[in-house]
Amino acid sequence: METIELAAAHTDVSLWALFMQAGFIVKLVMIGLLGASVWTWAIVIDKYINYGRARRQFDQFEQVFWSGQSLEELYRSLSERPTGGLAAMFVAAMREWKKSFERGARSPIGLQMRIDRAMDVTLARESEQLEARLSSLATIGSAAPFVGLFGTVVGIMTSFQAIAGSKSTNLAVVAPGIAEALLATAIGLVAAIPAVIAYNKFSGDAGKLTARMEGFADEFSAILSRQIDEKLQPRAAAQ
Amino acid sequence: MNDLLKRSLVASAVLHALLLGWALVKLGAPEDFDMANSESLPVEFVPITDITQIQQGDKEAPVKEKAAPVPTKRPDTVQNAENVGDNDVDLKSAPKPIEKPSKTEAAAAPKQTEKPVPTPDEKSNDVKEVAKEETDVADPTPKPEPKPEEAKPVEKPAEKPPEEAKPEEPKPEEQAMPENVPVPAPKPKVEKPKQPEKKPEETKTAEAKAESKASDKKKAETKQDKAKSQATQKSDFNADEIADLLNKTDSQGGGAKRSSGEKAFGGKKTTGGEKLSQSELDGLRGQITDKWTYTAGLEGAEEVVIEVRFSLDESGNVVGDIEATATGGPPSTQQALLSAAKRAIRKATPFQGLPPEKYDTWKDVIASFTVADLGG
């Protein structure tokens, strides 16, 4: 009995060949997903370095802050170039304090409010910076599989159209088209999985850093409030 | 910040390029599935009857899984042979163990076997039974014995056979002449006037006659030989092996198809489509059990298994004795059931609904019954 030749001609099924055989839309999808993957990893690297650095700066600042060094001196050393969110908040608060106090603030309550405002603004800016581009990670993580699936569906669709044209249901004819189409989903998943993991990790990290800044803001606000009372009370008593 | 992002973007792009490069080089095309070892098996769908039907084998040999005829001794093969045997020529007859195989198909002269007297009597009786009613009116003398005596004197003056033929004559005459019953004398004598009125001959089984008559025209000697050979051939006439009669050589050697391996039970040749279907078999059993009057209350009747063996002729009547054996149960019950079984078979004959074309498969019936079959 004669064995039926399954594959008429050996088709190249390497990744590059699959990519090159793909149709225009599928190619576009694949390139887009590859770009998304590159972007995801760029953000991951950026955030990883950024958050590590921010954590180190926070530690450093807290160490200095609680070392008993006078606030005036600390402000003078940091005012030129504040490093990190905590330092930035400290500088913003001290600047507001100095401005109000030097001009001779009438109301301690008004001063307190202004300092809090200044720190809030800085906190918002800092946390925004921390969380910047995390949303794109979330977008890639949720959308990339769908984009990949879209590429696959289009690829399989064209595959079936080709099968209908060739009038052969031989698996060897069908297989390359489907493999090529599935490549799109694979790339989509490759982009999406790290994006989702990174998003979860970095949003958690950002939340922790923001909480730390908020805690510092409250603490520093309390310290400054006490200072305000101490400095304004004698003045009021003298009057 | 932006600076850092740009740098990480570059780093990410480089990372991807490296990974892709590695993947393109290392992953490449996956290895093709190895199809070399998967041999394709030709599958044929064979109806089950092809296997269950009669296979070529030996009728006396014990039953084995595969039917096989008696092994032949000669190793050389004859092409296109269909019948098993040691012969050079593919004869249809079954091999007989006596003589050596013949070299040619049709050259050898037939053996002149002297037939004992009783045989012709049976023959003539058989023939007469068929022909009697038509011939009795014309011919009041049915007895074969007087006729040869009458025929002899007539033939001798008419044709004058040589003396050597004489001693052999009586026997062929006795066999052949009984068929001549209505026309004893005139036939050999007056041949030309006879030919138009062939009626009396045609009423008989007259092939041998026609041939002998044709030869009569030429020589008496040839006629005697012919008659004799016809006679000897007829004496071991077997309807199943009628092809042997056409072949003038002896058929000891059988066919030319060689067979190896041990002989096993099977038919003379492989036949197709000749097995009784299950419904036909059940029908046969049903006809027996229908006539079986079962007497309830016999002790231990449930344990008795009755096996009956009998032969049928083509019209469904029992030929010969019904052999019945019983196993299990008390002997008295066995006896009662055995006689009941035989009665039932006698009553059920002639059996209906047996396909005549499959006669070979139901001419010998073996069936076993239990009380449960009788609905008892």
statement: Taking every heavy atom of B:L24 against every heavy atom of A:W16, the minimum-distance pair comes out as CD2-N, 3.5 Å
- prompt: Can any side-chain N or O of B:S12 pair as donor or acceptor with the backbone N or O of A:V38 at less than 3.5 Å?
  reply: yes
- prompt: What distance do A:I49 atom CD1 and B:S8 atom OG have between them, rounded to the nearest 0.5 Å?
  reply: 6.0 Å
- request: Calculate, to the nearest 0.5 Å, the distance between atoms NZ and CG belonging to B:K6 and A:D46 respectively.
  value: 12.5 Å
Would you say [X] has more than 12 foreign heavy atoms packed within less than 6.0 Å of its [atom1]?
X	atom1	value
A:Y48	OH	no
A:Q60	CD	no
A:K98	NZ	yes

- prompt: For B:L20 and A:L34, what are the C-alpha separation, side-chain angles and deciding distance, and is it a side-chain contact (heavy atoms from CB on, under 4.5 Å)?
  reply: CA-CA 10 Å; B:L20 268 180; A:L34 198 71; 3.7 Å; yes
message: Walk me through whether B:L5 and A:R133 qualify under side-chain contact (heavy atoms from CB on, under 4.5 Å).
response: CA-CA 10 Å; B:L5 185 63; A:R133 286 180 287 273; 3.3 Å; yes
